[in-house]
Structure formats: C-alpha cells, structure tokens
Amino acid sequence: MIGNQIIYLDRVDSTSNYVATLVSEGKARHGMVILAEIQTNGRGQRGAAWQSEDAKNLLLSFYLEHLDLEIIQQESLNHFVSLALSNTFMKFGISNHIKWPNDILVGTKKIAGILIENQLRGSKINTSIIGIGINILQTKFDFKGSTSVSIESNLAISKENFFAELTTQLNIFYTYITHKKLDNLKKDYLSKLWLMGIQSPFESNGETFYGSIKGTDNYGRLLVEVNDELKTFDLKEIKFTLRNEP
Amino acid sequence: MNLTEIQDLIKFVSKSGVSEVEIEQKDFKIVIKAENKSKKEEHTVYVQAPQQIAAPAPITASAPVIATPEASKTTTTSEDSKLITIKSPMIGTFYRSTSPDKPALANVGDSVEKGKVVCIIEAMKLFNDIEAEISGKIVKVLVDDASPVEYDQPLFLVDPA
C-alpha cells in the first residue's frame with residue numbers, strides 16, 4: 001500500500017534523491033513515502049528546479065516495486081499519478097485538468113508537478129520513484145503561471161488533509177496498474193486532458209499553428225489534428241502557447 | 001656464496017630468460033641483470049603495441065614502427081567481434097547524466113558492472129534508468145547527450161570483462 005510507511009523530514013536535498021539512496025542501501029520498501037518540509041535542491045523536469053517557498057507546500061516522493069510493466073506501458077505511470085492528483089483536487093472542490101503529459105493545471109496555471117524515474121530490469125519497468133510537488137499554502141510566485149490550493153479554494157485545506165486524500169486516491173488508481181486495467185486508466189486520463197478536442201494554438205519548430213488534441217499514441221506521444229491531418233508530437237516537438245493571463 | 005655458486009647463478013639467469021635476480025643475505029647482496037634486456041624490450045613493445053595505439057604514447061624504439069600497423073589491424077578485428085552493444089529499449093531522449101550539473105554516468109574507459117546505470121532515457125517526462133546488461137569496460141559512447149534515440153539504437157560499445 002502506498003503510504004504504509006512514511007518518513008517525514010524537516011529538510012532534504014530532494015525527496016526523490018532520498019528514496020534513491022534508500023534503494024541503493026537496500027532499505028527502500030514498496031509504498032514508502034518520503035515527505036519533506038524543505039527541499040534544498042528540489043528537482044523538476046531535467047535540470048529545471050522545483051521551487052517552493054519553505055514549508056508551505058507538499059513535497060513528497062514514493063517508491064513502487066514489482067511494477068511488472070512493459071516499457072510500452074510506461075505511460076500508465078503518468079496516467080495513474082496524474083489522475084490521483086486530479087481527483088484529489090476535485091475532492092477539495094478545485095476543478096483542474098491534466099496538461100499532457102503530467103502537469104496539473106487550474107485554468108492555465110500549474111498547481112502540481114510530477115517527476116517519475118523508473119528503473120528498468122531487462123525489458124520491464126521494475127521499480128519507480130515518483131516525486132510530486134503540490135502548491136498548497138504558497139500565495140506568491142516568481143512565475144505567474146503558478147497557483148496553489150490556498151489561492152484556488154476558500155476552504156482552509158492543510159497539507160495534512162491534502163496528503164491524506166492524495167494517498168487514498170493514489171491507492172485507488174494504483175489498483176488499475178496492478179490489475180492491468182491500463183486501457184481504463186488511459187480513457188480516464190484522456191477525459192481529463194487539457195484542451196482535448198479544442199482547437200488551440202501550438203508551436204512546433206518555431207512555427208505556430210492551430211490544432212485539436214485527439215489523444216496520445218502507444219508511446220504516449222501527443223496526437224494533434226492539424227488541418228484534417230493527424231500529427232504525432234514528442235515532448236520536445238510541441239509547445240502549448242495558449243495563455244490567458246489576466 | 002662462493003664464486004662457483006655465483007657463476008651457476010649467472011648461467012641460470014641467462015638461460016631462464018629471467019631479466020633480473022636479486023639475492024640478499026646477511027652481509028651479502030647480489031643483483032644479476034640479463035644481458036639481452038634490450039631485445040626483450042623490443043619484444044615487449046611489440047606485444048603492447050595495440051594498447052599504445054589507443055593511448056597516443058610516444059614510441060621511441062624503431063621496432064614498433066613496423067609492428068604498429070599490423071597490430072592495430074588485428075586489434076580492430078578482434079575487438080569488433082567481442083564488443084557488446086548496449087541498445088536503447090525505447091524511443092526517447094538519451095541523457096548521459098541524471099541532471100545537467102552532474103557528471104556522466106559512464107565514460108569511455110570506465111568499468112561497469114552488470115546492473116550499473118549507464119544512462120537515462122526520457123520518454124514523455126518519464127525518466128528511465130538504463131542498466132548495463134553485462135560487466136565490462138565502456139569502449140565507445142555512440143550517442144550525444146540530449147539527442148533523440150530510436151528503439152534498439154546502439155548507445156554504448158562495451159568490452160566484456
């Protein structure tokens with residue numbers, strides 16, 4: 001079960017690094033969660049730092065073993081974690097969407113981010129370290145494309161309340177993985193996908209164009225219909241350019 | 001040690017092919033060096049020639065000049081047959097380090113053990129640690145950092161241990 005063991009740290013470089021160290025020492029257990037008040041070197045995607053005001057947000061990583069997923073099925077990890085997050089926000093009355101492949105947006109602003117690191121054994125994904133950062137109490141951001149639970153809700157939602165609901169949701173959606181109901185997971189994911197089926201502006205190779213997201217292919221790449229033609233985009237090949245900042 | 005014993009020792013050393021013998025007893029020490037040392041050096045250089053091609057060390061003796069081209073040829077053919085390729089198990093982006101500020105996980109000349117992470121391949125924001133399937137020494141890195149890779153594309157050449 002995810003959250004059967006929780007390690008709470010005042011300060012750590014990165015919760016995912018902490019898990020990786022436990023793994024290398026043979027001390028990591030399936031479902032173990034590391035929570036930190038302060039991350040001194042929080043990581044986002046590939047060198048992008050995950051910045052968080054001290055102690056205001058929920059920063060955690062958890063460890064999964066015996067995943068037994070084929071490489072081609074790895075997209076399911078994005079699906080299950082982003083759906084669990086999305087549903088947690090819904091439970092607190094915060095409408096949201098999943099921005100492909102795995103950011104959580106409220107309107108056009110990011111409220112939570114996910115960093116998944118898999119360890120392969122042969123042709124299978126064996127274990128995974130999943131890091132999540134959720135803006136909870138922070139109200140001022142350097143980057144205006146960010147928001148938080150405090151900003152989006154009138155309820156006083158504590159980090160503890162949010163964490164309790166999140167672990168419930170993670171366990172619910174994880175059963176899709178263990179029962180190999182990956183198609184259901186993908187269907188749910190696409191139903192929450194930001195700009196799905198909506199004509200929207202994108203950028204690729206410096207060119208801007210309008211298109212409509214139709215879903216993802218087997219590799220998790222984005223399928224966009226542009227001028228009646230279905231095109232496939234890798235992460236680096238497409239940018240979302242829709243911004244409706246006030 | 002008397003003179004006969006010393007003569008016997010000298011004969012033994014010269015016949016055996018041993019290049020140097022040192023005997024130290026109470027109040028007595030003898031060092032015998034073989035005469036044909038220079039010939040042996042030539043021979044050694046010839047044997048070591050393949051390694052010296054990889055590391056461009058200056059070779060002073062004349063013999064290696066002849067030995068080098070021949071040796072390099074055999075090296076290439078024998079190495080090609082025994083080298084093992086680590087291939088990409090997926091479509092994605094190849095990264096040599098866990099993050100841009102970190103050193104490469106595996107460099108040319110590094111010894112890797114089976115199960116050691118040699119690179120990261122990212123696919124749709126999923127970061128996958130790719131492990132070496134065999135132990136050995138990295139001979140070549142075939143893909144540049146942060147470049148796209150296809151399924152089954154060769155990433156590293158490994159000389160198995």
Side-chain angles (χ1 to χ4, degrees), chain A residues 13-14 16-17 20 23-24 41-49 67 69-79 81-82 98-103 113-131 189 216-222 232-238, chain B residues 84-107 110-136 138 141-156 158 160:
Chain A
D13 60 342
S14 132
S16 286
N17 285 356
V23 171
S24 67
N41 189 19
R43 289 185 292 127
Q45 303 299 333
R46 192 70 206 170
L67 278 163
L69 283 174
E70 301 291 338
I71 287 166
I72 192 90
Q73 297 170 328
Q74 63 173 320
E75 228 212 320
S76 307
L77 293 172
N78 270 340
H79 298 166
V81 183
S82 52
I98 300 166
K99 182 188 171 194
W100 176 82
N102 65 11
D103 285 334
I114 300 167
L115 179 71
I116 301 180
E117 294 164 298
N118 300 322
Q119 294 74 48
L120 270 61
R121 188 54 42 87
S123 66
K124 291 217 168 168
I125 294 169
N126 191 36
T127 60
S128 186
I129 299 170
I130 299 173
Y189 170 83
T216 57
D217 73 359
N218 284 336
Y219 298 102
R221 294 181 294 191
L222 195 65
T232 312
F233 294 96
D234 197 340
L235 190 62
K236 286 174 189 60
E237 296 170 342
I238 191 163
Chain B
I84 289 175
T85 312
I86 299 177
K87 294 176 178 174
S88 175
M90 68 188 80
I91 294 176
T93 307
F94 171 84
Y95 290 112
R96 292 189 58 191
S97 60
T98 52
S99 69
D101 56 332
K102 294 274 160 64
L105 292 158
N107 287 305
D110 285 0
S111 290
V112 292
E113 278 166 38
K114 186 177 191 290
K116 190 205 180 276
V117 176
V118 290
C119 66
I120 310 280
I121 294 184
E122 181 256 73
M124 307 316 130
K125 285 198 189 181
L126 293 156
F127 292 80
N128 296 284
D129 293 353
I130 308 300
E131 297 179 348
E133 300 119 341
I134 36 108
S135 299
I138 303 282
V141 184
L142 302 163
V143 182
D144 288 338
D145 187 46
S147 354
V149 287
E150 293 295 325
Y151 174 75
D152 243 12
Q153 183 172 336
L155 306 173
F156 295 95
V158 180

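Proteins come first, then strands; the chains are lettered A, B, ... in the order of their sequence lines, and each starts at number 1.
- With a threshold of 4.5 angstrom between heavy atoms, A:I130 does not approach chain B through any atom at all.
- Going from atom CG of A:N78 over to atom NZ of B:K125 covers 8.5 Å, rounded to the nearest 0.5 Å.
- Interatomic distance, A:D234 CG to B:I91 CD1, rounded to the nearest 0.5 Å: 8.0 Å.
- You'll find the side chain of A:L235 reaches within 4.5 Å of the side chain of B:E122, heavy atoms only.
- Other residues, nucleotides and ligands place no more than 12 heavy atoms under 6.0 Å from the CD atom of B:E113.
- Note that the CG atom of B:D129 and the CG atom of A:N126 stand 11.5 Å from one another [nearest 0.5 Å].
- Here the OG-CG distance, from B:S99 to A:N17, works out to 8.5 Å after rounding to the nearest 0.5 Å.
- Within the 4.5 angstrom heavy-atom criterion, only side-chain atoms of B:E131, from C-beta onward, approach chain A.
- Going from atom CG of B:N128 over to atom CD1 of A:I71 covers 7.0 Å, rounded to the nearest 0.5 Å.
- To the nearest 0.5 Å, atoms CE (B:M124) and NZ (A:K236) are separated by 8.5 Å.
- Within a 6.0 Å sphere centred on NZ of B:K87, other residues, nucleotides and ligands contribute 12 heavy atoms or fewer.
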**OP:** Dump the intermediate steps for side chain to side chain contact (heavy atoms under 4.5 Å, CB included) on A:E117 and B:T98, then the final yes or no.
**Re:** CA-CA 10 Å; A:E117 294 164 298; B:T98 52; over 6 Å; no

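- Across A:T216, A:L120, A:L222, A:I125, the residue that shares the most heavy-atom pairs under 4.5 angstrom with chain B is A:L120.
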